[in-house]
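The first residue in the sequence is number 1, and the count goes up from there.
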Amino acid sequence: MFSLYGYEHAIRNIYRVCVATIGPRNVVDVDELRGLYFEALARLAPNLPITTGSDPFVTDPDREERLCRFFSASTLDDLRQDQVIGAPYPEAIRLERVDKVATALRMLELRSLAASNVFRVMVHSIVVRAAMKPLGHRLPRGGTTSLAPGVIWLAVHDHESTEDLLEILIHELTHLMLFNDELVHPQFHYNTITLRENFTRSAILKIDRPLDKVVHSIVVGTEVILARELCIAGSHRGTNSHPSSARIAASVTDAHAGVLKLPGFRQVVTAHARDIMAVCVERCRPFIVAEASA
């Protein structure tokens, strides 16, 4: 969402959520918007612990457990994501992995201050904790949930570089931005989204999933490609986090075509979400062409 629509759009959407929740306020800088947004989140999710300080990494075991419980089973939890987060890392390992993620955040700030500012406003808590089991056919690297706006869970693996972690952070930030966007622009008709005939192939996991997951996969894939253009030079060939940009672009296009083939997709996906997908396909097209001509 950041690369698709730009910094101003991202900031405007955050402010719209605040206005819709707590009313208009005068905001002069990013720090004031951050405080206002967290105040709105406290209204939207009153049981969610919100870290208001400058350090997003969760160190208190009780707070960590409370946050992990928000990653619970739901009607749209098709892959049992509630069983993915595992036990806490031993403290020495946790500190080492937190440091790796902090290095990736510093890299984001150096390479794109605008993207870093959006991340800082939207993300109040990062839980670094082991994964319990594979998600689909892949080893989980992190996750978000609409039940816990502003929270990212990360399972950091030894083989991941700073650039890998930067891509994962952008991946998860994109989910949070989509959740935020949906608070002011409806994306789905949830009375029909759980019907099995409305499932289609995801651009990321390559398995049939509910349409909200498929739309998210289309946007996340596109944002990873565009982030490589913006701040992860040399990664179009692929990283430990995601495949090559050409493969992602092809998957995004295929996933979009799969959505359009569903007879009842207009009864599930709103015009707003359809517009987002169309922009994604348009932005991905040059990367498919580049692969074909290489």
Side-chain angles (χ1 to χ4, degrees), residues 1-24 33 37 40-41 43-45 74-76 78 114-115 118-119 121-123 144-150 170-195 197-204 208-227 248-249 251-285:
M1 295 292 283
F2 175 82
S3 293
L4 279 177
Y5 294 108
Y7 177 73
E8 295 295 334
H9 181 273
I11 294 297
R12 194 178 304 117
N13 250 11
I14 294 168
Y15 186 72
R16 283 172 176 161
V17 169
C18 298
V19 170
T21 307
I22 57 180
L33 180 61
Y37 186 60
L41 293 187
R43 298 273 189 92
L44 292 167
S74 69
T75 313
L76 293 173
D78 60 311
V118 172
F119 190 99
V121 169
M122 295 199 69
V123 179
T144 56
T145 170
S146 59
L147 298 176
I170 289 168
H171 178 134
E172 300 303 340
L173 175 64
T174 302
H175 285 300
L176 292 178
M177 293 182 73
L178 279 164
F179 295 146
N180 188 75
D181 177 81
E182 192 172 13
L183 291 172
V184 288
H185 305 291
Q187 297 169 0
F188 307 102
H189 302 295
Y190 284 99
N191 59 323
T192 53
I193 203 169
T194 57
L195 298 176
E197 59 263 32
N198 289 327
F199 284 27
T200 188
R201 189 161 295 265
S202 159
I204 300 294
D208 286 354
R209 305 197 69 193
L211 280 179
D212 64 320
K213 307 297 192 300
V214 177
V215 172
H216 271 241
S217 76
I218 288 169
V219 182
V220 166
T222 306
E223 285 288 335
V224 167
I225 293 174
L226 299 178
I248 296 174
S251 296
V252 165
T253 302
D254 290 345
H256 181 248
V259 173
L260 298 185
K261 286 179 183 176
L262 291 175
F265 81 94
R266 290 179 183 274
Q267 281 69 56
V268 183
V269 183
T270 67
H272 175 68
R274 297 199 298 271
D275 288 345
I276 293 174
M277 288 191 292
V279 174
C280 288
V281 171
E282 185 64 28
R283 297 295 296 273
C284 283
R285 188 170 290 117

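Inter-residue side-chain proximity for Met277 and Val259 is flagged as met; some heavy-atom pair is nearer than 4.5 Å. Contact annotation: the side chain of Ile193 approaches that of Tyr190 to within less than 4.5 Å [non-hydrogen atoms, C-beta and beyond]. Between Asn180 and Tyr37, the closest side-chain pair of non-hydrogen atoms falls below 4.5 Å. By the 4.5 Å heavy-atom criterion applied to side chains, Thr270 and His189 are counted as neighbours. In this structure, Met1 and Asp181 have side chains that are in contact, with non-hydrogen atoms separated by less than 4.5 Å. Side-chain contact check for Pro149 versus Phe179: every heavy-atom pair is 4.5 Å or farther apart. Between Leu44 and Val17 the shortest side-chain heavy-atom distance falls below 4.5 Å.
What you find for Ser3 and Leu226 is that their closest heavy atoms are CB-CB, 3.4 Å. Of all heavy-atom pairs spanning Ile218 and Ala255, the tightest one is CG1-CB, 3.8 Å. Scanning all heavy atoms of the two residues, the minimum distance from Val118 to Ala10 falls at CG2-CB, 4.0 Å. For the pair Val123 and Leu173, the tightest heavy-atom approach, listed with the atom from each and the gap, is CG2-CD1, 4.3 Å. The nearest pair of heavy atoms linking Val279 to Tyr5 is CG2-OH, 3.8 Å.
Aromatic ring orientation, Tyr7 versus Phe2: perpendicular (interplanar angle above 60°, classes split at 30° and 60°). Under the 30°/60° scheme for interplanar angles, the aromatic rings of His171 and His175 are found to be tilted.
To the nearest 0.5 Å, atoms OG (Ser217) and CD1 (Ile248) are separated by 11.0 Å. Taking CZ of Phe188 as the start and NE2 of His272 as the end, the distance is 9.5 Å to the nearest 0.5 Å. The line from NE2 of His256 to CG of Asp254 is 11.5 Å long, rounded to the nearest 0.5 Å. With values rounded to the nearest 0.5 angstrom, Ile276 atom CD1 is found 8.0 Å from His185 atom NE2. Atom CG of Leu183 is separated from atom CZ of Arg16 by 12.5 Å, given to the nearest 0.5 angstrom. With rounding to the nearest 0.5 Å, the separation of OG1 in Thr144 from NE2 in His216 is 7.5 Å.
Under the side chain to side chain contact (heavy atoms under 4.5 Å, CB included) test applied with Ile14, the options Val184, Val19, Val121 reduce to a single match, Val121.
Side chain of Gln187 to backbone of Leu178: a donor-acceptor contact under 3.5 angstrom is found.
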Next on the checklist: Quick one, Leu262 with Leu211, criterion side-chain contact (heavy atoms from CB on, under 4.5 Å). Give me CA distance, side-chain angles, the key distance, then yes/no.
Outcome noted: CA-CA 10 Å; Leu262 291 175; Leu211 280 179; 3.8 Å; yes

Item to check | side-chain contact (heavy atoms from CB on, under 4.5 Å) assessment of Cys280 paired with Leu4 | outcome: CA-CA 7 Å; Cys280 288; Leu4 279 177; 3.5 Å; yes

